[in-house]
2 protein chains.
Amino acid sequence: MTEGTGRAPRRRADARRNESALLDAAAAVFVASGVEAPVRDIAAKAGVGVGTVYRHFPTRADLVVAVYRHQVEACAVAGEQALEHTDSPFEALRGWIDVFVDFLVTKHGLAGALQSDDPQFQVLHAYFLDRLLPVGTRLLEAGVAAGEVRDDVSAMELMRGVGGLCIGPADDRYDVRHTVGVFLDGMRAP
Amino acid sequence: MTEGTGRAPRRRADARRNESALLDAAAAVFVASGVEAPVRDIAAKAGVGVGTVYRHFPTRADLVVAVYRHQVEACAVAGEQALEHTDSPFEALRGWIDVFVDFLVTKHGLAGALQSDDPQFQVLHAYFLDRLLPVGTRLLEAGVAAGEVRDDVSAMELMRGVGGLCIGPADDRYDVRHTVGVFLDGMRAP
DNA sequence: AACGTTACGGAACAACGTTCCGTTTGTCGA
DNA sequence: TCGACAAACGGAACGTTGTTCCGTAACGTT
């Protein structure tokens, strides 16, 4: 009880305003230039100095997480509900992966950042894994239990595999969704 | 015949010496720090100035290509020969992909560079594709003809897919070879 | 040996992430 | 309403990188 039950002491108005402006600006810049856009660009778009960016979001990864938190959450929920709305766990899995792929391919550079070994993105990595790995595990287990999914694939291999397949620039000769479909076919029980 | 059949006019001794030292140094630094190591590190290790690096290799990608050319060539040859030494085109494909994966996972950061949309790596991208795509196509076609491989997967999807699965830091929970195996299983004819 | 050419080295520039600190601005009690 | 203090701000400044540029040194030839 070092801090009792007291709530956070309500921040200053400009601080809240700037955080919100930063999130909006970052979302816009990420769409236009990808998640690796210069911090200065985001600061400029939000009408604040770079110092303000770093006060609100200690690392770039924190900003990325904040911008996409809602959508990651929605993706996790979609996975948790997927099993309830179909009688085939494999189809539930496929549907969920579809949602995940849609999310990744519309965020330029995000898949790359997710897989990056740059320690800068540690937080991003951790957040996605924390939130989505358990969901993947449950879908996988349901599939295995129903005899539809092979039992030697971990959720980590599923998520990182799909993530890896989503990396890279758009290209006519490479259909992400089709390739992910091939990967999923490889996960069917023999 | 603007230049006739005359050969290149033989470069200076120090130029040849430095190019060789640069290749050795780059190979060593790539092993130690990955293919994204600072150019200054490579120059220092080779005992030359940065200007010399850029004179010999206009872009970082040219240096990477030069360092790995032999191995990529060997990989391409292995693929061309794979079909001759087995009666199962699918196993030939699997064996070749194994060679490719071994190559990628031992080159820290190379898979990432290959998939990168940074125009800096355009040359690298082009070289790998030029050399390996035709090989993949032939292996795939042989597999399809034998009824062992599904006919709706392109060599681009094969190579970029496998490349994507090889991206990222080592991790106990993610077994690259196993995950690639799953992907390949998905490519079997139904 | 002298000369022209080739190649070298590293200073210099630009772009970026990140830190730091003098200044401004909210907030709250008097 | 006013004053004071903490919170938050802005952007200059620093370190690291890729890349260019040019005065200088080394090579090879006559």
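Numbers restart at 1 for each chain; the letters A, B, ... are given by sequence-line order, proteins then strands.
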Please confirm whether the backbone N or O of [Y] pairs with a side-chain atom of [X], one donor and one acceptor, at under 3.5 Å?
X: A:R16; Y: A:R10; value: no
X: B:R173; Y: A:A155; value: no
X: A:T106; Y: A:F103; value: yes
X: B:T179; Y: B:D175; value: yes

Q) Under 4.0 Å between a side-chain N or O of B:H56 and OP1 or OP2 of C:dC8? A) yes
Q) For D:dC9, does either OP1 or OP2 sit under 4.0 Å from a side-chain N or O belonging to A:N18? A) yes
**Q.** Residue pairs fulfilling salt bridge (charged side-chain N to carboxylate O under 4.0 Å, His left out) with at least one residue in residues 151-164 of chain B, sequence neighbours excluded
**A.** B:R150-B:D152
Q) How would you label the contact of A:R40 with the nucleic acid (heavy atoms, under 4.0 Å): base, sugar-phosphate, or nothing? A) base
Q) Counting heavy atoms not belonging to B:H85, are there more than 12 under 6.0 Å from its NE2? A) yes
For [X], check side-chain hydrogen bond (donor to acceptor under 3.5 Å, both in side chains) against everything at least two apart and list the hits.
X: B:R94; value: B:E91
X: B:K45; value: none
X: B:S88; value: B:E148

For [X] and [N], what is the distance between atoms [atom1] and [atom2] respectively, to the nearest whole Å?
X: B:Q120; N: D:dT17; atom1: CD; atom2: P; value: 14 Å
X: B:E36; N: D:dT16; atom1: CD; atom2: P; value: 18 Å
X: A:F57; N: D:dA8; atom1: CZ; atom2: P; value: 13 Å
X: B:R55; N: D:dG23; atom1: CZ; atom2: P; value: 15 Å

Q. When every nucleotide of nucleotides 25-30 of chain D is labelled 5' to 3' by its protein contacts under 4.0 Å (heavy atoms), B for base, S for sugar-phosphate only, - for none, what sequence of letters results?
A. -BSS--
Q: By nearest nucleotide on DNA chain D, pick out whichever of A:E19 and B:V39 is the more 5' one.
A: A:E19
Q: Identify, residue by residue, the members of residues 41-52 of chain A with a heavy atom below 4.0 Å from DNA chain D, and return them in order of residue number, or none.
A: A:G47, A:V48, A:G49, A:V50, A:G51, A:T52
